[in-house]
Amino acid sequence: MTASGTHTGPHAGNGDDLDVEEALALVRGPRADQTDRTHRTHRADPAAHPEHPHPHPHGHEGATPWPRAREIAARAARWATRRPVVSVALGDALGLVLAAPLDALSDLPSFDTSAMDGWAVAGPGPWQLRDGGVLAGHAPPEPLTDGEAVRIATGARVPTGVTAVLRSEHGRTAPQDRLHATGEVTHGQDIRPRGQECRRGDQLLPTGTLITPAVLGLAAAAGYDTVTVVPRPRAEILVLGDELLTEGLPHDGLIRDALGPMLAPWLRALGAEVIAVRRLGDDAKALRKAITSSRADLIVTTGGTAAGPVDHVHPTLDRLGAELLVDGVAVRPGHPMLLARTKADQHLVGLPGNPLAAVSGLITLAEPLLRTLAAHPAPEPYAMPLREAVQGHAHDTRLVPVVLRGERAVPLHYSGPAMLRGIATADALAVVPPGGAEQGAGMELLDLPWTTAGIGVCFT
C-alpha cells in the first residue's frame with residue numbers, strides 16, 4: 001500500500017477481473033470453444049448481449065452502467081487471437097509480465113563470498129597475516145592453513161580453508177604481522193555461502209509476475225540476458241476533426257488539438273506501445289482506410305462518436321461489420337464513448353472529442369482492455385473520504401479529479417467535459433455514484449498512471 005493508500009503490488013487484484021493466469025492463457029491463443037466468436041465481426045444483437053441493454057445504438061438512454069462497461073472492456077480481450085510471447089532484453093522488459101517462470105541458472109552466490117571488508121581467517125587466532133589481499137573479480141586466491149589470515153574485500157571469493165571473515169573494525173594488527181580479534185569469532189561469520197539465496201533450477205519468480213526494477217536486478221543476478229514476456233499491446237491513435245490546430249493560438253473557429261499530445265504518453269503509461277498517431281480530419285474514407293489497414297491491437301479514435309453530420313465513427317464501424325460491445329456509458333463526462341471489436345485480434349475504443357470526456361473514456365474502456373491484453377493484474381480498489389461534498393448526476397456515475405491530502409480526497413474545480421485544468425493537477429479520479437456524495441463519504445479512487453509508485457512513471 002502506497003502513501004496515498006493505493007494497492008499496487010505485482011499480484012494485486014480482485015474477483016471481478018481476469019486473474020493473471022487467465023490472461024496469460026490468452027497469450028497462447030483462443031480456446032477451441034472460442035473459435036467461432038473470435039472470428040465473428042458484426043454489430044452485436046442487443047438481445048444476445050445483456051451488457052448492451054438499450055435498443056438504440058446511438059442514444060444515451062439505457063447506456064451501459066459504468067462498472068459494467070469496465071468489466072466488458074477487461075473481458076473483451078479474452079476472445080482475441082493473441083500474439084505469441086516474446087523474448088526481450090532486460091533493458092526493454094520493465095513493466096511487462098513474465099510469460100515463463102524465472103528459474104535460477106546458477107547457484108546464488110555461485111561461490112563462497114565475503115560479506116564484509118576485513119580479513120579472511122583460518123582456525124583460531126591470533127593469525128599470521130599474509131602479504132597482499134583478495135579482491136572481488138580477481139583470480140582464485142591461494143588456500144589458507146590454520147593460523148593464517150589475509151586481507152579480503154566485500155564480494156571477493158573466500159579462499160579454501162577459511163573459517164570466518166573478521167570485519168575490519170573487529171580486528172587489530174600487532175608487530176610481526178600478527179592479527180588479533182577484538183571480540184568473539186564464530187565459524188562462518190560474515191561469509192555468504194554458495195547457494196545461500198538459491199540453487200540452480202530453483203524457481204525464483206512464477207509466470208505472471210510484473211517486471212519491476214527489482215525483478216530486473218534479480219534476473220541479471222541469476223544470469224539472464226533476456227526474459228520471456230507477454231508483449232506490449234500495440235495501440236494506434238486516430239485524431240479526428242477538421243477544426244484542430246497542431247500549433248499556435250486558436251483562431252477563426254479553430255482550436256488546438258489537446259488529445260494528440262496527451263493520448264500517446266497516456267497510453268504508454270498504461271503499458272501500450274504506440275505505433276502511430278495519425279491526423280485524419282473529418283474524412284470518412286480516410287477513417288475506414290486507417291481502421292482496415294491498422295496493425296494495432298487497439299485503435300483509439302478521438303471525437304466523432306455522436307450522431308452529428310461529420311461524426312463518422314458509428315457509420316464506419318457499421319460498414320466494416322464491427323461488433324459493438326459498448327455503445328454509450330452512463331458516466332459523466334464521456335457518455336458517448338464506445339468499444340468495438342473490429343477484427344478477431346483488434347478492438348477500437350472511440351473517445352469523445354472533449355478532452356476530459358476523452359480521459360474518462362481512457363479510464364473506462366482503454367485501461368481495462370490494455371491491462372488484460374498485457375496480462376497485468378488489476379489494481380486493488382481503495383477508497384478515501386471526501387473533504388467536501390460532490391454534486392452528482394441524477395442517473396450517471398461521475399468521474400471527478402481529486403488531489404489527496406492526508407487521509408482525504410479533495411475535489412478539484414474545472415472538471416467540465418472540455419476542461420483539463422483540473423486533471424492536470426490531480427492525483428486520482430473519484431468515482432461518484434448517481435446522486436452525488438456528502439462530505440466525508442468514502443469514494444472509490446482511480447489512480448492516474450503517473451502517480452503510482454513503480455513502473456507507472458515510465459513513459460518510454
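One-based numbering along the sequence shown.
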Note, Trp266 side chain near Ile363 side chain (heavy atom, < 4.5 Å): yes

Trace of the side chain to side chain contact (heavy atoms under 4.5 Å, CB included) decision for Leu94 with Leu216: CA-CA 7 Å; Leu94 182 65; Leu216 293 176; 4.2 Å; yes

Where Val230 and Leu96 come nearest, the two heavy atoms and their spacing: O-CD2, 3.9 Å

Crowding at CZ, Arg408 (>12 non-hydrogen neighbours, <6.0 Å): yes

Test log, rule side chain to side chain contact (heavy atoms under 4.5 Å, CB included), inputs Leu240 and His312: CA-CA 9 Å; Leu240 311 181; His312 299 304; over 6 Å; no

Pro352 versus Ala358, closest heavy-atom pair with distance: O-CB, 3.5 Å

Gln439 vs Leu386, side chain to side chain contact (heavy atoms under 4.5 Å, CB included): CA-CA, chis, key distance, verdict: CA-CA 5 Å; Gln439 180 181 1; Leu386 293 171; 5.9 Å; no

Val239 and Asp257, any side-chain heavy atoms less than 4.5 Å apart: yes

Contact summary for Ala437 and Val432, nearest pair of heavy atoms: N-CG1, 4.1 Å

Side-chain touch Leu348/Thr301, heavy atoms, less than 4.5 angstrom: yes

Heavy-atom donor-acceptor pair, Asn354 side chain to Ala357 backbone, under 3.5 Å: no

Separation between OG1 of Thr64 and CG of Leu325, rounded to the nearest 0.5 Å: 9.5 Å

Pairing of Glu236 and Arg295 as salt bridge, 4.0 angstrom limit: no

Asp103 bridged to Arg200 by N-O distance under 4.0 Å: no

Audit row: Ile191, Ser114, side chain to side chain contact (heavy atoms under 4.5 Å, CB included) steps and yes/no: CA-CA 5 Å; Ile191 294 175; Ser114 175; over 6 Å; no

More than 12 heavy atoms of other groups within 6.0 Å of Gln391 CD: no

Flag side-chain contact, heavy atom, 4.5 Å: Asp427 against Val402: no

Check: Met443 and Pro385 side chains under 4.5 Å, non-hydrogen atoms: no

Closest heavy-atom pair and its distance - Val158, Thr113: CG2-C, 3.5 Å

For the student: nearest non-hydrogen atoms of His335 and Arg332, plus distance: ND1-NE, 3.5 Å

Val349 and Leu338, any side-chain heavy atoms less than 4.5 Å apart: no

NZ/NE/NH1/NH2 to OD/OE distance under 4.0 Å, Arg194 and Asp107: yes

Check: Gln346 main-chain N/O paired with Asp297 side-chain donor or acceptor under 3.5 Å: no

Heavy-atom closest pair, residues Ser360 and Leu399: OG-CD1, 3.5 Å

Exam field: side chain His376 to backbone Val97, donor-acceptor pair closer than 3.5 Å: no

Polar side chain donor-acceptor pair, Ser87 to Thr226, under 3.5 angstrom: yes

Option passing side-chain hydrogen bond (donor to acceptor under 3.5 Å, both in side chains) with Trp66 (candidates Asp396, Thr364, Thr397): Thr364

Residues Arg341 and Glu323 bridged, charged N to O under 4.0 Å: yes

Within 6.0 Å of CZ in Phe111, more than 12 heavy atoms from elsewhere: yes

Close side-chain approach of Arg268 and Glu273, heavy atoms under 4.5 Å: no

Check: Leu404 and Met384 side chains under 4.5 Å, non-hydrogen atoms: yes

